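Before any comments, here is the structure.
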Amino acid sequence: MIQDLNSKQPLVSDIKLTWHAVLKKLNKEYGNEIYNSWLKNLKVKTLENETLVFSVPSKFIRDWITAHYVDKIIFYIEEESPEIKRVKIIVDAMLANDHDAMNSEIFIEKNRKSKEVSYTHQSDDWPLDERFTFEKFVVGHPNELAYASAKRMAQPEKFDFNPLFIYGGVGLGKTHLMHSIAWEIKNHNENAKVLYLSAERFMFQFIKSLRQKDTMSFKQKFRSVDVLIIDDIQFMMGKSSTQEEFFHTFNSLLDLNKKVIISSDRAPSDLDSFDDRIKSRLSWGLVADILPANFELRHEILKKKALELSLKYENKITIAEDVIIFLAKTIANNVRELEGALNKVVTFANLMNRKVDVELAQTVLKDLLRSSNRRITIDEIQSKVASYFNIKVDDIMSAKRIRSFARPRQIAMYLSKKLTSRSLPEIGRKFGGRDHTTVIHAVKKVDQLKSESNKFDEDINVLTQIITSS
Ligand code: ADP
Ligand code: MG
């Protein structure tokens, strides 16, 4: 099946090794089920110039892989073999028995800026998504201020405020804006030292440096950057030594006139467990919020994404205006869900070879609509968990520590975090005025138990079903 390769190119055996390594990573990332049903079908056929060609046995498999896994496939291939720039998947007519298989090939190329300039992204120091750029961000009233200030912060000249603090609910574009700042600064000046990381990673690295008794190099690393971007600072709550270290880093960068950009799911003054002086220092510069997208913005975002999708499908798919309006009206929670819904509809239409119309959208989104129309409440979760375990709701709320109450209580907290948009402190309050750290602990514990025991994992899945399907 492997064809002869041009001598300038890597040897077949090299490609096979590359692909073997990539498959291993994909398997690890997606698990056995997806690996066996989809990824395993990809057979390396040949390398043409810089394009690695695969064959698969059917159009269906090709489209599904293209819609769901191809970005990751390219990403890992590039990690292993940077000389490979593109991937092509063809349907093997021999295997397919399919008349139009001969001309059904799709080209996938990642249009990445990082290729033109010379930095690469090793997942650790440049963990940025190339889709998250200013060009791809749709501006509307709810995010206008955040966008304008992010844009300003990314300009090379002097800045009028520092730090920039962006806050807003889940899926509203905070991370997108922060990545955009990093990309743009790098575009202006390739040598700028831009460090983007989540607060969790910051904590992790700090704790590691403490353990290795090497806080000096930690300090040096963070204090030598030109721009520091920290995402989701709310996760730094309740860890006082990390907060302290963060505060020092933060202060010294501000003193050196280095740009600092921070995001959070809430305003600085609502970062409950942060020290007052940190809270006030965080709001020294500009504080910009992102509000939930209104209909107009949702409409604009969908129009843009629809255009991108139809390009991706080489104009074989058109998404009519009434479908866009239907989605913009129906899905009001956050932009991530909006995007997900559109993708789901288009993938389905493509696989089933159907037109994208409102009827199809309604069918595909039935599940999603149910969950976004009906807001699950914490009260509901508490009562369903109690009845599942045959205990009283009062016992869930109480301070009793025996296992038969404590475990359901933790599960109810966990499900409240997963199935509602309530914040950790709000959940704590709803459980008899507990602290948010108790909720964090519960979430961690349940995650751990889920991974240790199939039976426990199943309990959680069944409960989730019960709660979301009623
Ligand atoms: P957050 O960090 O606030 O939870 P993200 O930045 O991860 O949210 O955004 C969630 C998804 O929605 C991303 O895919 C992002 O590209 C998209 N998104 C959010 N806001 C916009 C916008 N205004 N324009 C285009 N895409 C957006
Ligand atoms: Mg985010």
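We count ligands from 1, going down the list as the structure has it; atoms in each ligand are counted the same way. The model shown is predicted, which means the values in this text are computed figures rather than measured ones.
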Sub-3.5 Å N/O-N/O distance, Leu297 and ligand 1 =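 Between Leu297 and ligand 1, no N or O pair is found under 3.5 Å apart.
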Contact check: Phe132 vs ligand 1, nitrogen or oxygen atoms, below 3.5 angstrom | no
Enumerate the atoms of ligand 1 whose separation from the nearest heavy atom of [X] is less than 4.0 angstrom.
X	answer
Val170	4 (O)
Lys136	24 (N), 25 (C)
Gly169	3 (O)

In the protein, which heavy atom is nearest to [atom], and how far is it?
atom	result
atom 4 (O) of ligand 1	Gly171 N, 2.7 Å
atom 16 (O) of ligand 1	His176 ND1, 2.7 Å
atom 2 (O) of ligand 1	Thr175 OG1, 2.7 Å
atom 27 (C) of ligand 1	Val335 CG1, 3.5 Å
atom 7 (O) of ligand 1	Arg336 NH2, 2.9 Å
atom 8 (O) of ligand 1	Gly173 N, 3.1 Å
atom 23 (N) of ligand 1	Val138 O, 2.8 Å

Of Glu339, Glu308, Lys305, the one whose closest heavy atom lies nearest atom 26 (N) of ligand 1 is Lys305
For ligand 1, is [X] a contact, meaning one of its heavy atoms is under 4.0 Å away?
X	result
Gly168	no
Arg131	no
Ser263	no

Proximal protein heteroatoms (N, O or S) of the Mg ion (ligand 2), under 2.8 Å =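 Only Thr175 OG1 fall inside 2.8 Å of the Mg ion (ligand 2).
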Closest contact, heavy atoms only, Leu39 versus Leu23 = O-CD2, 4.2 Å
